[in-house]
Amino acid sequence: MADQFDPNNIAQNLGGQAQQAATGEVDSLIDDVASKAPGGDQFAQQAKDTANQAIQGGVQQAEQAAEQQVQQVQQIQQGGLGDIAGKIEGIFGGGSGGSGGAS
């Protein structure tokens with residue numbers, strides 16, 4: 001279960017889904033335009049390849065940015081919980097008991 005919160009998994013899953021959806025839409029659009037233009041079919045694959053490379057680059061940048069954001073949030077959460085735990089230990093004696101240090 002912990003893997004589902006791994007920043008790399010989250011970003012890659014979302015990035016993969018976005019890339020797949022964008023690639024499908026762009027390929028369909030290119031096919032549609034190519035079928036309407038005289039001789040367009042001969043350039044359709046090159047156009048798809050170029051567009052898909054651009055999509056892949058954009059998705060990789062978005063994945064990296066998302067990973068960084070998730071990692072920052074995790075660091076803040078861990079630091080915040082540590083601060084809270086320290087304060088609670090301070091209030092309740094930090095496990096030393098409060099009975100005056102009997103040995």
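Every value quoted in this text rests on a predicted model; they were computed, and no experiment measured them.
- Applying the side chain to side chain donor-acceptor pair (under 3.5 Å) test to pairs two or more places apart or on separate chains, those with a residue in residues 39-48 are D31-K48, Q45-D49.
- Through side-chain heavy atoms spaced under 4.5 Å, either directly or across other Ile, Leu, Val, Met, Phe, Trp or Tyr residues, F43 is tied to no other residue.
- Listed here is the closest heavy atom pair of I30 and A51: CD1-CB, 4.2 Å.
- V59 pairs in a side-chain contact (heavy atoms from CB on, under 4.5 Å) with only one of the listed residues (Q56, E63, Q61), which is E63.
- Sequence neighbours left out, the pairs with a member in residues 15-30 that pass side chain to side chain donor-acceptor pair (under 3.5 Å) are D27-N52.
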